[in-house]
Amino acid sequence: MAQEKKAGLLRRTSSSKKPLKEKVVLMYDEIFTKDDPAKTNPRFWDELFLMKVNLEYLEGKLESLDGDEVMVVKDNINSLFHHCVLALEEEHQIKVVNALQTLCALFRGVHQKNKSATGFDIINMLVGFDKAELRMKDLMESLDSLLCGDGSESLKSLCLKLLLCLVTVTDNISQNTILEYVMINSIFEAILQIVSDVSSRGQHGYDAVVLLALLVNYRKYESVNPYIVKLSIVDDEPTLDGLGMVVHQALTEYNRQYKNKEEENHGGFFSTLTSMVGNMFIADTEEKLSVQTNEAILLALYEAVHLNRNFITVLAQSHPEIEMTAAPVTPIPTTPTSLGTTPPSLDMMHNPELPLDPNLQTSNLLITFLKYSSIVMQDTKGNFPIAILNEHRLNSARLCLIILTCIAEDQYADAFLHDDNMNFRVNLHRMPMRHRKKAADKTIPSRPLVCAVLDLMVEFIVTHMMKEFPMDLYMRCVQIIHKLICYQKKCRIRLHYTWRELWSALINLLKFLLSNETTLLAKHNIFQLALQVVSLFNMFITYGDTFLPTPSSYDELYYEIVRMHQVFDNLYCMVLRVSTNVGQWKEPASKVTYALVNVRAIINHFNPKIESYAAVNHISQLSEDQVLEVVRSNYDTLTLKLQDGLDQFERYSEQPKETAFFKELVRSISVNVRKNVSLNTLSQDVLLKEFSSIS
């Protein structure tokens, strides 16, 4: 019965008779014989490309071939491929449509059948070794012409779908040998032309950017990839802006969907009931709020930030943005594959002459990315083991932090992050927690963007102290904070930020590590993270007078250290115990012991003086102001040691540390794109109707 469905039935005549087959299916059957079908019918290929393609049947025939049959029909398959490429040059647009769809079926069917075969065997089966270079050159040139020409937008979309299909036929794109021809016959300029033009970007920008992100990752660690080289030197402003707009719109759409789900979930009786029972259903609610993450577009953003320094300027380029709480706008058309289209309203916003109105506020790509990151990072938190959480969200969270790492290391990015003349109100997503109320968005002040980055890091630190501890994400978080503070120290920038929230979060993190020492040490080197945290405190202690906003901020730092001295005392006892015993953690623990020298000096210096002050004044419990008074009065007699290298850090490098992560990430994206990209997205009936008047 399944085979009958694939055959493309016209009708049943009776139970004893076989169903009739479509003419195109009969023609496919002729191809899958040892004889050349054009011998008996010289117009065979012309007629074939006038027939509506039966993708399912053609792919099924290719997949059903056994080893011997492959060799019998190879010449005919090579001929089919060749005539598909020739048909792309036809003026008859229906032939071009059918040729593009047939090529996709060929790529998918042959790879599906030969999953264990070498790339060279697949190339031989598709085009033949002797003709491969010429055929693929002709194919890529034809696709390039169709993408860059003034022809049908539907055909351009179909070309991009075919290229995405070609790139993702294997899970590991670096094992897709046929992509060597896509490297040699570059379509990089065609992709840039699409994203730089407002109209074409609106219709094809998403597919073009995802395609570029995948091509950049083809054998990037084994050989020179021309797409990497070319992307790294792009300096054309409209092109870079267009790339940024595509990423911005995709992330904005994600944020919008999440916001809508959040509003649906918190409205009406359910919300009231949840509040009445003390937020019992927080975990369930957060699960319902999950929106499919978009690693492909995030990968494109990473490659642009990582490879092209000129792209950094795009992150800060301001433009009006419609608030999520604004009046409803015309719905954005979407496709079943989630290959989104550009909202016309956002393309209009690209025009600098667009006037502002009460529903518009100034925004930029970085703000949208920070909002996206805040949702994705909190979506990795739940009341169940992180190991079984959605892998896509963990990949997204890690990639967000890697992107922020690259941004935090870039001097130009740091300059606009700290620019007092570029103030924004960034409404980050905050995880609902039982011990705090959700802050109202309107209470968020307008501040330099670095404050939003620090808020995001603090929020992550506070909300992810759990049994299945995401050590890697925590390390990246603390490193980002450190790099930002190094810039502030270097440029003597006195940032008006609520530093106490950061200090409190870091101390609570140390407290969590101590409370879960045994469990965490079984899986992680917690001393590495503890050292990073203590080093941050040493940065504030040693250089805080150069970048903290006021002298009272420096006083508050000492107050927090003294107030929470028990945590630092316990940490010292723990690392001293581990460092004096033989074991794998001896060396990393001893580094923390040394790093705690100044923190312990502060505690040992001020605690006796505070106790003495309380005794002299007969006060059982000192107020914060009284403790601060003791601190201010006793700086002169405090002796600290100057520690080297506090303002130094290891710069980000993708190789070798991140290689395994990106290989697995690109594999996941390839699988996902392959599932989503279907040539049926553009309905065959719609395409045929569009070109039916062309003869």
Side-chain donor-acceptor pair under 3.5 Å between [X] and [Y], yes or no?
X: Tyr302; Y: Glu654; result: yes
X: Asn395; Y: Glu664; result: no
X: Glu459; Y: Ser374; result: no
X: Ser396; Y: Glu295; result: yes
X: Tyr206; Y: Gln249; result: no

Enumerate, atom names and distances included, each donor-acceptor pair closer than 3.5 Å involving a side-chain atom of residues 403-414, sequence neighbours excluded.
| from | atom 1 | to | atom 2 | distance (Å) |
| --- | --- | --- | --- | --- |
| Thr405 | OG1 | Leu401 | O | 2.7 |
| Glu409 | OE1 | Tyr652 | N | 3.1 |
| Glu409 | OE2 | Lys483 | NZ | 2.7 |
| Glu409 | OE2 | Tyr652 | N | 2.6 |
| Asp410 | OD1 | Tyr412 | N | 3.0 |
| Asp410 | OD1 | Ala413 | N | 2.9 |
| Asp410 | OD2 | Arg309 | NE | 3.1 |
| Asp410 | OD2 | Arg309 | NH2 | 3.1 |

Query raised in the report: Is the distance between the ring centroids of Tyr487 and His418 under 6.0 Å?
Result: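 Yes, the ring centres sit under 6.0 Å apart.
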Query raised in the report: What do you reckon, are the aromatic ring centroids of Phe369 and His248 less than 6.0 Å apart?
Result: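 Centroid distance Phe369-His248: not below 6.0 Å, so no.
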Report task. Could you walk me through whether Gln317 and Thr313 pass side chain to side chain contact (heavy atoms under 4.5 Å, CB included), step by step? Result -> CA-CA 6 Å; Gln317 185 167 313; Thr313 62; 5.9 Å; no
Query raised in the report: Is the NZ or CZ atom of Lys220 both under 6.0 Å from the centre of the six-membered ring of Tyr227 and within 45° of that ring's axis?
Result: no
[X]/[Y] ion pair, N-O < 4.0 Å:
X: Arg201; Y: Glu153; value: no
X: Arg398; Y: Glu658; value: yes
X: Lys137; Y: Glu133; value: no

Query raised in the report: Cys165 and Arg108: which non-hydrogen atoms are nearest, and at how many Å?
Result: SG-CG, 3.4 Å
Query - Closest contact, heavy atoms only, Gln193 versus Ser200 - result: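 In this case the closest contact between Gln193 and Ser200 is O-OG, 3.8 Å.
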Query raised in the report: Does the side chain of Val53 come within less than 4.5 Å of Tyr28's, by heavy atoms?
Result: yes
Query raised in the report: Are any non-hydrogen side-chain atoms of Leu147 and Ile191 less than 4.5 angstrom apart?
Result: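 Result no, sub-4.5 Å side-chain heavy-atom pair not found.
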